[in-house]
Amino acid sequence: YLGLRLRGEEYMPSQKSPEVGVRLSFPIFYPWLKKHKREHYIAKKKIWQEQSISTVTALTKQIYDIYDEYVFSGSQLTSAEKEIELNKEILRIEELKHSSSVGIKKSYQTKVLELKSNLVKSEIRRDKCFYDRYLALCELLYLCGLNWPDEFADLAQESNNTESHVNAL
């Protein structure tokens with residue numbers, strides 16, 4: 001061993017003296033060895049169990065959060081689809097009004113442009129919701145331990161419906 005030892009306060013209170021030496025030990029009789037090894041193993045096992053429980057808890061919480069995100073993006077997707085249908089219907093009605101010459105013709109172009117921009121915004125929102133839903137599905141499959149490219153290849157062969165596979169999880 002290599003180290004420094006403080007001398008006793010009565011001899012030299014403020015000086016340190018270096019000390020170098022070799023320590024040899026011969027365990028001739030150690031009857032508590034098995035007990036100490038067992039206690040060490042039990043302590044290690046307890047630490048491992050606590051770590052695994054916290055890991056499982058964190059993973060479960062993450063899966064629930066991603067599933068909630070998946071469900072939420074699905075509801076947003078349906079509302080975006082309804083919004084697109086509504087904007088298409090409003091645009092069709094406006095074009096019918098113009099074709100039957102009801103209303104002011106000067107404001108027709110600006111109104112149609114506004115309605116078309118609303119329609120494009122709704123389509124962008126739908127595409128974003130679809131992307132969020134797809135991303136949540138990929139994360140969910142990954143966290144569940146599935147190899148998601150293979151799973152999607154199998155799903156594409158069976159059917160185009162990914163909802164049934166997620167509900168099966």
Side-chain angles (χ1 to χ4, degrees), residues 2-3 32-169:
L2 175 65
W32 302 279
L33 179 65
K34 286 184 180 179
K35 179 184 174 190
H36 289 163
K37 281 186 177 181
R38 185 173 52 244
E39 288 174 355
H40 178 69
Y41 173 75
I42 290 171
K44 273 184 134 180
K45 185 177 177 183
K46 186 182 248 185
I47 290 171
W48 180 79
Q49 284 175 343
E50 289 173 359
Q51 288 175 347
S52 66
I53 288 172
S54 65
T55 303
V56 167
T57 304
L59 185 63
T60 305
K61 183 185 180 313
Q62 195 172 6
I63 287 174
Y64 280 129
D65 291 343
I66 291 174
Y67 183 74
D68 288 343
E69 182 181 329
Y70 178 79
V71 170
F72 178 73
S73 61
S75 65
Q76 291 292 322
L77 186 62
T78 56
S79 67
E81 290 287 339
K82 289 178 183 176
E83 186 178 347
I84 288 173
E85 291 174 13
L86 181 66
N87 285 335
K88 284 182 181 178
E89 186 65 24
I90 291 172
L91 183 62
R92 187 185 67 82
I93 290 172
E94 192 61 35
E95 288 174 350
L96 284 176
K97 278 185 185 178
H98 178 68
S99 65
S100 64
S101 299
V102 176
I104 303 171
K105 291 186 180 182
K106 289 181 181 178
S107 67
Y108 170 73
Q109 294 297 327
T110 57
K111 199 166 194 177
V112 167
L113 285 175
E114 183 182 331
L115 291 173
K116 284 185 180 180
S117 70
N118 288 342
L119 181 62
V120 169
K121 287 177 187 176
S122 299
E123 289 173 350
I124 290 172
R125 183 172 165 249
R126 179 199 56 200
D127 293 343
K128 184 185 179 312
C129 292
F130 182 74
Y131 174 75
D132 290 345
R133 187 172 172 91
Y134 179 77
L135 187 64
L137 177 66
C138 291
E139 289 178 3
L140 188 64
L141 291 174
Y142 175 74
L143 286 175
C144 289
L146 299 174
N147 189 4
W148 54 272
D150 294 340
E151 292 296 324
F152 278 132
D154 294 343
L155 287 174
Q157 290 174 0
E158 292 173 9
S159 68
N160 293 331
N161 189 5
T162 58
E163 297 266 337
S164 62
H165 186 68
V166 170
N167 290 335
L169 292 176

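Reckoned from all heavy atoms, side chains included, excluding hydrogens, waters and symmetry mates. Predicted, not measured: the structure shown is a model, and the values here were computed from it.
Under the 4.5 Å side-chain criterion, counting only non-hydrogen atoms from C-beta, Gln76 is in contact with Ser79.
Taking the charged nitrogens against the carboxylate oxygens, Glu89 and Arg92 do have a contact shorter than 4.0 Å, which makes a salt bridge.
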Could you list the donor-acceptor pairs under 3.5 angstrom formed between side-chain atoms of residues 111-120 and any protein atom two or more places apart in sequence or on another chain?
residue : atom : partner : partner atom : Å
Ser117  : OG   : Leu113  : O            : 3.4
Ser117  : OG   : Glu114  : O            : 2.7

In a table with atom names and distances, give each donor-acceptor pair under 3.5 Å that connects a side chain of residues 34-48 to protein atoms at least two apart or in another chain.
residue : atom : partner : partner atom : Å
His36   : ND1  : Tyr30   : OH           : 2.6

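To the nearest 0.5 angstrom, Cys129 atom SG is 8.0 Å from Phe72 atom CZ. A distance of 10.5 Å separates CD1 in Ile66 from NZ in Lys61, rounded to the nearest 0.5 Å. Atom CG in Leu59 sits 6.5 Å away from atom CD in Gln62 (nearest 0.5 Å). The line from CG of Asp68 to OH of Tyr64 is 9.5 Å long, rounded to the nearest 0.5 Å. To the nearest 0.5 Å, atom CD of residue Glu123 and atom CG of residue Asp127 are 7.5 Å apart. Once rounded to the nearest 0.5 Å, the distance linking CG of Leu91 with CG of Leu86 reads 11.5 Å.
Under the side chain to side chain donor-acceptor pair (under 3.5 Å) criterion, Ser122 pairs with Glu83, Asn87, sequence neighbours left out.
Contact detail for Tyr67 and Leu140: the closest heavy-atom pair is CD1-CD2, 4.0 Å. When all heavy atoms are compared, the tightest approach of Leu77 to Arg126 is CD1-O, 3.4 Å.
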